[in-house]
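Any value given below was found using the heavy atoms of this structure, including those in side chains, with hydrogens, waters and symmetry copies removed. Numbered from 1 within each chain, the chains take letters A, B, ... in sequence-line order.
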Protein chains: 2
Amino acid sequence: MNDRKQQVIIKAHELFIDRGFQATSIQDILDYTNISKGTFYNYFSSKNELLIALFKSLLEEMETKRNSLMTGKDAANIDVFKKQIETQMNTNRKNRLLTLFEEVVLSPDEDIKEYIKESQARMLQWVYHRFEDLFSVDSKPYLLDCAIMFLGILHQNTKYYARTHGSTVNIQLVVNYTVNRIEKIVKEVTDSGEQLIEPDDLKNWLPDAELKDQSRKEQLNYAVLCMKKKLKGSADCSHYYELLEFIRDEFTQSNEPRYHLMKSALTTLQTTIPESVTEDLMKIEEIIGGQARA
Amino acid sequence: MNDRKQQVIIKAHELFIDRGFQATSIQDILDYTNISKGTFYNYFSSKNELLIALFKSLLEEMETKRNSLMTGKDAANIDVFKKQIETQMNTNRKNRLLTLFEEVVLSPDEDIKEYIKESQARMLQWVYHRFEDLFSVDSKPYLLDCAIMFLGILHQNTKYYARTHGSTVNIQLVVNYTVNRIEKIVKEVTDSGEQLIEPDDLKNWLPDAELKDQSRKEQLNYAVLCMKKKLKGSADCSHYYELLEFIRDEFTQSNEPRYHLMKSALTTLQTTIPESVTEDLMKIEEIIGGQARA
DNA sequence: GATTAAATTGAACCGATGGTATAAACTGTT
DNA sequence: AACAGTTTATACCATCGGTTCAATTTAATC
């Protein structure tokens, strides 16, 4: 993206942070960034589009940061999850992302509404999948309910905790408290067997592209899992694992997976693994293949 | 309030419901209500003030409805609470109250922001006090946390439940599910002893007037309780109870307690109760006295 | 260094908005 | 009939988001 355009987004973000979106006029942005109205509408077709561009930029940053906290770590470790949530809360507070969301989520602009809905569904989906990592399979039918409740509790807790402790809030404390609660809720709801929303419904809240992407990630995850099982006990086992896990992390967690790096790891594997699993490897290559970038 | 002014509020409300607040202009309201701009600004000093007037009207209606569901019922009965929440959710959905709140909670207008914050705190306070009725004293230090979480869960659940079931949502189901969860959470959090927010902090979120009002209600509640204890076993005991409970309900639950009715009940009591409790009765009279209206 | 394409400027302009001002018309009361 | 209070209609204001466009500056090409 154009350097200057990115600069305008950043500067506008500063204005939004201390005045809010609605309260800053386009003229304010022009004055503050020293660009002309013509240039502005050359970059963005409307004030709302600028906001969406800002959202995209912030969310991308957030996702990469969140995912980078996972690589190499144990997905089932609750402390990793806590750290991820904590980081997201902090960058969110710094950027006023949720505040900006709330400010325009009910604006008359359909594009913005749709975009925010999608983003929220994506966040929900992420929590849901992390819960799959964290809790037992018995709980799976209830994990969407739990993800929904988790976000509700977290949001509400931070809101009122901030109201008493001002800007000196200890996010870590709130996150810890909230995660502790949801752990017990998951257990309780699994015991009682009460379900409010079917996890499959989650799919209807996300755009198709997102879904195909997600399903491919799941396929690869499964393929890697199968392969690891077959390789278990063989010579150089840990060597294979390292390469496989790298491919998996890169593909499932990076926003822009480094295609050639994964390809290289695949080639290395192809020349070293036992013949009995070459078929599985080809399967993996096939899944990744579709994701190739120019 | 002026009849016509009230009509304008109602008509404007209709427009807000199907277009949203921001998307309906003052001109829209003028056309729809057939009043002139001059009259509008004679009634309301701004579009925002009209909205606040609407909020006040809706919230008052909601509170009276909510409280009327309590009179004569057992405050410790969870089903009564469920019914109250359900009713509030339904009238709220009909009126789009929460939607309107969300739409303007972050508007540049300070008055609106302040008003909404207060309303939310009042709702929170109500849930907190109802939780005091519902759960044991051991849980008291954790009930504010629970009230906060309850509202978060409820809000989030209805949001996503509606996303799958459209407008044909079964509110009762969501309320039931959510209350079931919070019951377990109260138990769990009481056992673990974890606290996030001190219940006393609630006082800082409410205006002073509200607080004095609330404290007087608590005083009266306590005074009635003491008196009932002393009267226990005496002749005409149930007769006294009836009068005392009426006074209590009227004073603590009605938005505009019927002063003369309470006074009449008090006089009846004064002439019939044993001398040993006349002092307690005077205490009650004193508490109510300050509440008198012209 | 001249040519050319692209990016930028700035000002004029648009319709709609929330809000103001005011003189005239209408209303009910005594 | 006289009165005050309410309501009306209209003209007016500044600001907003957004459009248009000719003129100028910038940067890449040969």
Where along residues 25-34 of chain A does a heavy atom come under 4.0 Å from DNA chain C, residue by residue in number order?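 Residues of residues 25-34 of chain A that come under 4.0 Å of DNA chain C are, in numerical order, N34(A).
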Enumerate all atom pairs, one protein N or O and one N or O from nucleotides 19-27 of chain D, separated by less than 3.5 Å.
none

How close or far is atom [atom2] of [N] from atom [atom1] of [X], stated in whole angstroms?
X	N	atom1	atom2	value
R19(B)	dT17(C)	CZ	C1'	15 Å
K5(B)	dT7(D)	NZ	P	11 Å
Y43(A)	dG18(D)	OH	P	18 Å
K47(B)	dA16(C)	NZ	C1'	12 Å
F40(B)	dT17(C)	CZ	C1'	13 Å
I35(B)	dC26(C)	CD1	P	19 Å
Q22(A)	dC16(D)	CD	P	13 Å

Could you tell me whether E114(B) and K117(B) have a side-chain N and a carboxylate O separated by less than 4.0 Å?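 So E114(B) does not pair with K117(B) through a salt bridge.
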Between NE2 on residue H13(A) and CG on residue L51(A), distance to nearest 0.5 Å: 9.5 Å
Between T39(B) and N48(A), which has a closest nucleotide on DNA chain D that is more 5'? T39(B)
Heavy-atom check, side chain of F55(A) versus side chain of S119(A), under 4.5 Å: no
The single option from R93(A), R66(A), K83(A) passing side chain to side chain contact (heavy atoms under 4.5 Å, CB included) against Q88(A): R66(A)
